[in-house]
2 protein chains.
Amino acid sequence: MNFQKRKQIILDKLNTVGEVDVKLIAAELDISEITIRRDLNQMAGDGLLYRTHGGAMKVNPFEVPHEFVNKAAKNVEAKDKICRAAAEQINHGDIIFMDCGSTVFRLCQFIKGKKIKVITNSIPVVYELQNSLVSLNIIGGEFNAERQAVHGSIANEHIARYKANKAFLGVDGISRNGLFANSELEAEITQAFASHSAKTYLLCDDSKIGKESYLRFGELNLINSIITNSKSDELAFFRKKGVEVIDV
Amino acid sequence: MNFQKRKQIILDKLNTVGEVDVKLIAAELDISEITIRRDLNQMAGDGLLYRTHGGAMKVNPFEVPHEFVNKAAKNVEAKDKICRAAAEQINHGDIIFMDCGSTVFRLCQFIKGKKIKVITNSIPVVYELQNSLVSLNIIGGEFNAERQAVHGSIANEHIARYKANKAFLGVDGISRNGLFANSELEAEITQAFASHSAKTYLLCDDSKIGKESYLRFGELNLINSIITNSKSDELAFFRKKGVEVIDV
DNA sequence: TTTAATTTGTTCAAAAATAATCAAAATAAA
DNA sequence: TTTATTTTGATTATTTTTGAACAAATTAAA
């Protein structure tokens, strides 16, 4: 009984029953609980399931499209902590930008009850907030199916027409050398968000801190505040540079 | 019975009944009241519900997520016939506008395989077409949850930047006296679509022909072609006025 | 108003689940 | 074969979750 086989059995059970229990699985497969826990943790890290105390659940009971969900399901606990802290920064009447990152997406669940305006280019965000107290403004332009969001010059111009209190953004990486993005389109829209917002918050889990990928598109001072679960030494440097660091 | 599961059950109950009671939930799930209280407090902290003495209530009492679905499900056979005929009008390479009506929505299923550009203010249309060959352009602006679409001056300006071959529109009513809409916002965006499209198709089932509701916003000549299942005498008048009538 | 009943938060303890550490077993590589 | 690597399990310490008891706060009743 190897990992692959157990993984298969666990996923099957999740699909049929919707949830699994560490003890039951361990007894059923005649294997130790700690091993099952390790399996579940690894699979949760891959976004294949949602880890609970004593077991695991299906990632999404209600279906939201596809690869976005999987990405969004990675590192869930850290992201939720970050987003809970981010939600505390949002007050009644605020006008906020939300970008299309998977971390920022998880902010939705914490702001449904707030009377605010959200301006976003992310369709999942729209979907998640459409029946909430939040008033929505959708950024127009060409839709990118992979990112489930709108990007491009029309989108950037749309943003430029508004002025928000706060922007909640994600990046692909951040280091002492600046901010990094996966593509030019993402870089440009992030800059547009930042420059039309009074305050800019960066939501990033530990995997992004110190990471330098693809395209360097901006200096650290583009953002005012980083909300993160990371304990990296890099954070001290950010602070020295005048960036607020909110630790969760 | 872990936190995640209880949370789900509580949310389900809130959605169906509208409120929950600590004692009842505790008895039902066979768990202590203090635990339920802790659950409710945490969920209230996340903005998922309003905490009351002895229980909790839904955050937003008004919910309209299924209205669109219900509306879309009416008169399905007629609408599908109309849309199948509409799809025949669409060729490879076309750039088309699609508005947010329930009839136009049903056009999606017939154009998924076409290599065209769709410019739309309807979020359901975006959802339906997001994993198809269709390239999407989303019209930006303020989102209206009831109509599941974007309307307003920003949206109208967005439309004005583009020029489409064909527009597929719905109205609330059409008679020899002109076109009728439910609201100013819908009227304005319909006019914007029509004036930035080379050819304008009106998709309407028999219930709309001869109907004169709320706001008269345009002349018959705003549209070039009506696709309908109606056998009304009115159609002869439309033809006489130079409007093509495609009968299904 | 005052009084009673209910609901709630706090503190503490028990139980359950988990992570960490290290050793044993299984597997792969040399 | 031997050696290294990975996987697994047992033990222990830590963390999380839960419930009971009781005081404080809130609501309802007199």
Side-chain angles (χ1 to χ4, degrees), chain A residues 1-14 17-59 73-85 88 106 109-110 113 205-207 229-232 247-248, chain B residues 1-11 13-14 17-59:
Chain A
M1 176 66 67
N2 55 22
F3 175 60
Q4 279 75 14
K5 194 155 190 194
R6 293 196 305 271
K7 181 168 161 176
Q8 190 67 47
I9 291 173
I10 290 170
L11 283 180
D12 279 355
K13 200 165 279 282
L14 277 180
V17 189
E19 59 185 343
V20 295
D21 180 281
V22 170
K23 281 201 163 151
L24 292 179
I25 289 276
E28 193 173 322
L29 304 187
D30 193 28
I31 207 154
S32 78
E33 294 180 20
I34 180 68
T35 298
I36 297 297
R37 261 184 238 119
R38 276 194 272 243
D39 291 350
L40 294 181
N41 288 349
Q42 183 178 340
M43 291 163 78
D46 293 343
L48 295 171
L49 47 78
Y50 188 92
R51 191 74 165 83
T52 66
H53 231 75
M57 294 173 70
K58 259 215 279 214
V59 187
K74 277 185 192 169
N75 222 352
V76 171
E77 302 97 295
K79 285 176 179 172
D80 279 1
K81 267 190 192 168
I82 290 167
C83 289
R84 196 171 274 126
E88 281 174 20
R106 298 200 68 83
Q109 58 184 312
F110 301 116
D205 61 57
D206 46 18
S207 70
N229 67 321
S230 170
K231 306 292 173 203
S232 167
D247 213 24
V248 296
Chain B
M1 177 66 67
N2 56 27
F3 174 63
Q4 284 81 3
K5 188 136 196 225
R6 292 196 305 271
K7 181 168 160 177
Q8 206 169 298
I9 291 172
I10 290 170
L11 283 179
K13 201 165 278 282
L14 277 179
V17 189
E19 58 184 350
V20 295
D21 180 280
V22 170
K23 281 201 163 152
L24 292 180
I25 290 274
E28 193 173 322
L29 304 187
D30 192 29
I31 208 151
S32 78
E33 294 180 19
I34 180 68
T35 299
I36 297 297
R37 261 184 243 122
R38 276 194 272 242
D39 291 351
L40 294 181
N41 288 351
Q42 184 178 340
M43 291 163 76
D46 292 345
L48 294 171
L49 45 77
Y50 278 138
R51 192 73 165 82
T52 63
H53 261 258
M57 290 173 63
K58 251 211 289 210
V59 186

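So that the names make sense, note that chain A is the first sequence line, chain B the second, and so on, each numbered from 1.
Between the CZ atom of A/Arg6 and the C1' atom of D/dG9 there is a distance of 12 Å, given to the nearest Å. A/Lys7 has its NZ atom 16 Å from the C1' atom of D/dT7, to the nearest Å. B/Glu33 places its CD atom 8 Å from the P atom of C/dT7, with the value rounded to the nearest Å. With rounding to whole Å, A/Asp39 atom CG is found 17 Å from D/dT6 atom P. When rounded to the nearest whole Å, the span between CG of A/Asp21 and P of C/dA17 equals 7 Å. Atom CG in B/Leu29 sits roughly 14 Å away from atom C1' in D/dT18 (whole-Å rounding). Spacing between atom CD of A/Gln4 and atom C1' of D/dT7 amounts to 11 Å, rounded to whole angstrom units. We find that CZ of A/Phe3 is positioned 14 Å from P of D/dG9, with the value rounded to whole Å.
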What are the atom names and distances for every N/O pair under 3.5 Å that joins the protein to nucleotides 21-30 of chain D?
residue: D/dT26; atom: O3'; partner: B/His53; partner atom: NE2; Å: 2.9

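Note that CD1 of A/Ile10 and CD1 of A/Ile25 are 5.5 Å apart. Values are rounded to the nearest 0.5 Å. Here the CE atom belonging to A/Met43 is positioned 3.5 Å from the CG atom belonging to A/Leu11, to the nearest 0.5 angstrom. Here CD1 of B/Ile36 is found 6.0 Å from CD1 of B/Ile31. Values are rounded to the nearest 0.5 Å.
For the side chain to side chain donor-acceptor pair (under 3.5 Å) condition, the pairs that include at least one residue of residues 20-30 of chain A, sequence neighbours left out, are A/Lys13-A/Glu28.
Summary for the helix from C/dT1-D/dA30 to C/dA30-D/dT1: the axes at its two ends, each from 5 pairs, differ by 30° when rounded to the nearest 10 degrees.
Look at A/Arg37 and you won't find any side-chain N or O under 4.0 angstrom from OP1 or OP2 of D/dG9. Phosphate proximity of C/dT8 to B/Arg51: present, with a side-chain N or O under 4.0 Å from OP1 or OP2. Between B/Asn2 and the phosphate of C/dA17, there is no side-chain N or O to OP1/OP2 separation shorter than 4.0 Å. For A/Thr35, a side-chain nitrogen or oxygen approaches OP1 or OP2 of D/dG9 to under 4.0 Å. Between A/Ser32 and D/dT8, a side-chain N or O to OP1/OP2 separation shorter than 4.0 Å is absent.
Considering only residues two or more places apart in sequence or on other chains, B/Thr52 meets the side chain to side chain donor-acceptor pair (under 3.5 Å) condition with none of them. Every residue two or more places apart in sequence or in another chain that forms a salt bridge (charged side-chain N to carboxylate O under 4.0 Å, His left out) with A/Asp247 is listed here: A/Lys231. Residues satisfying the side chain to side chain donor-acceptor pair (under 3.5 Å) criterion with A/Ser232, sequence neighbours excluded, are absent altogether.
The two residues A/Phe110 and A/Asp80 have their closest heavy-atom pair at CE1-O, 3.6 Å. Between A/Ala78 and A/Asp205, the closest heavy-atom pair is CB-CB, 4.5 Å.
Along DNA chain C, the nucleotide nearest A/Lys23 and the nucleotide nearest A/Arg38 are compared for position; the residue whose nucleotide lies closer to the 5' end is A/Lys23.
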